[in-house]
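To start, the structure under review is shown below, and the notes come after it.
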Amino acid sequence: MTATLTAPVAERGVLTISAQAVERLAACAVLEVDDVGGAAGRVLGVSLSGEDLDHSAKVSAHVGDGTVTLDVRISIVYPASVARTTERAREHLVSRVEALTGLAVTRVDLTVTALHTTAGPVRRVE
């Protein structure tokens with residue numbers, strides 16, 4: 001069954017996308033990029049727990065007048081290039097958030113809070 005909208009566009013109402021919804025979309029979208037992981041929560045700049053790839057990325061968004069700006073904290077798997085990985089993450093965030101919300105992403109600030117090694121702990125022989 002399909003619905004047909006017969007009311008004029010001006011009478012259909014307004015769609016508002018909250019900053020919190022954009023933050024959640026962006027937090028999921030950035031983890032779709034290879035070698036990117038989450039960041040620990042912080043209070044007054046102090047990490048509340050260890051940085052972990054399995055945490056979600058921390059995102060704050062400012063939505064206004066059809067645009068959005070993002071501030072994202074992530075971690076990266078070492079030895080991936082930080083510059084290339086953050087550039088891929090930025091491009092991916094812009095395309096995914098614009099596609100999912102219809103809002104224009106005007107700025108993405110990325111902070112890398114940790115580098116994770118893929119190797120386990122090193123054994124020492126004495």
Side-chain angles (χ1 to χ4, degrees):
M1 179 174 186
T2 59
T4 305
L5 298 175
T6 57
V9 173
E11 296 176 9
R12 291 183 194 163
V14 176
L15 173 64
T16 303
I17 300 174
S18 71
Q20 186 180 17
V22 174
E23 290 169 358
R24 289 185 180 185
L25 287 171
C28 291
V30 75
L31 294 181
E32 296 170 353
V33 178
D34 290 338
D35 300 324
V36 172
R42 294 179 184 269
V43 172
L44 301 174
V46 178
S47 176
L48 295 176
S49 62
E51 303 285 346
D52 193 358
L53 288 172
D54 296 332
H55 285 138
S56 64
K58 303 303 179 208
V59 179
S60 63
H62 177 74
V63 178
D65 203 24
T67 63
V68 62
T69 59
L70 300 171
D71 184 17
V72 183
R73 289 186 294 121
I74 58 173
S75 60
I76 292 179
V77 175
Y78 181 82
S81 166
V82 172
R84 278 181 268 166
T85 304
T86 54
E87 192 55 36
R88 281 188 291 122
R90 182 173 285 113
E91 291 170 1
H92 188 73
L93 277 169
V94 169
S95 67
R96 291 291 283 164
V97 171
E98 286 183 350
L100 293 171
T101 64
L103 300 169
V105 179
T106 57
R107 182 181 175 112
V108 178
D109 293 328
L110 288 168
T111 302
V112 178
T113 59
L115 296 176
H116 297 282
T117 60
T118 56
V122 178
R123 292 183 177 179
R124 298 181 77 184
V125 177
E126 295 181 15

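We're numbering straight along the sequence, starting at 1.
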* Asked: Are any of the side-chain nitrogens in E91 or R88 under 4.0 Å away from the carboxylate oxygens of its partner?
  -> no

* Asked: A80 and T85: which non-hydrogen atoms are nearest, and at how many Å?
  -> CB-OG1, 3.7 Å

* Structure fact -> Value for CD (E23) from OG (S18), rounded to nearest 0.5 Å, stands at 8.0 Å

* To do: Give a yes or no on whether the backbone of G38 and the side-chain of S75 come within a donor-acceptor separation of less than 3.5 Å.
  => yes

* Rounded to the nearest 0.5 Å, how far apart are CZ of R90 and CG of D109? -> 7.5 Å

* Heavy-atom side-chain contact between V33 and L93 under 4.5 Å -> no

* Would you find a donor on one side and an acceptor on the other, under 3.5 Å apart, between the side chain of T67 and the backbone of V105? -> no

* **Non-neighbouring partners of D71 that pass side-chain hydrogen bond (donor to acceptor under 3.5 Å, both in side chains), sequence neighbours left out** => none

* How many angstroms lie between OG1 in T111 and CD1 in I74, if you round to the nearest 0.5 Å? -> 8.5 Å

* T86 side-chain N/O to A83 backbone N/O, donor-acceptor pair under 3.5 Å -> yes

* To do: Heavy atoms only: give me the nearest A29-R96 pair and the separation to one decimal.
  => CB-CB, 3.9 Å

* Which heavy atom in L103 sits nearest to a heavy atom in E98, and how many Å separate them? -> O-CG, 3.1 Å

* If you measure from CD1 on I76 to CZ on R84, what distance do you get to the nearest 0.5 Å? -> 11.5 Å

* Spatial distance of atom OG (S81) from atom CG (D35) [nearest 0.5 Å] -> 10.0 Å

* Locate the shortest heavy-atom distance separating A57 from A27; write the atom from each residue and the value. => O-CB, 3.6 Å

* **Closest heavy-atom pair and its distance - A26, V59** => CB-CG1, 3.9 Å

* Stepwise, does the side-chain contact (heavy atoms from CB on, under 4.5 Å) test hold for V68 with T101? -> CA-CA 10 Å; V68 62; T101 64; 5.6 Å; no

* To do: Check the hydrophobic clustering (I, L, V, M, F, W, Y; side-chain heavy atoms under 4.5 Å; chains of links allowed) and say if L100 and L70 are grouped together.
  => no

* Asked: Going through the distances and angles, do I17 and V63 end up as a side-chain contact (heavy atoms from CB on, under 4.5 Å)?
  -> CA-CA 8 Å; I17 300 174; V63 178; 5.6 Å; no

* Structure fact -> When every non-hydrogen atom of A19 is compared with those of A61, the smallest separation belongs to CB-O, 3.6 Å

* Please identify each residue that fulfils side-chain contact (heavy atoms from CB on, under 4.5 Å) with T16, with sequence neighbours left out. => V14

* If you group Ile, Leu, Val, Met, Phe, Trp and Tyr by side-chain heavy-atom gaps below 4.5 Å, do V22 and L110 land in one group? -> yes

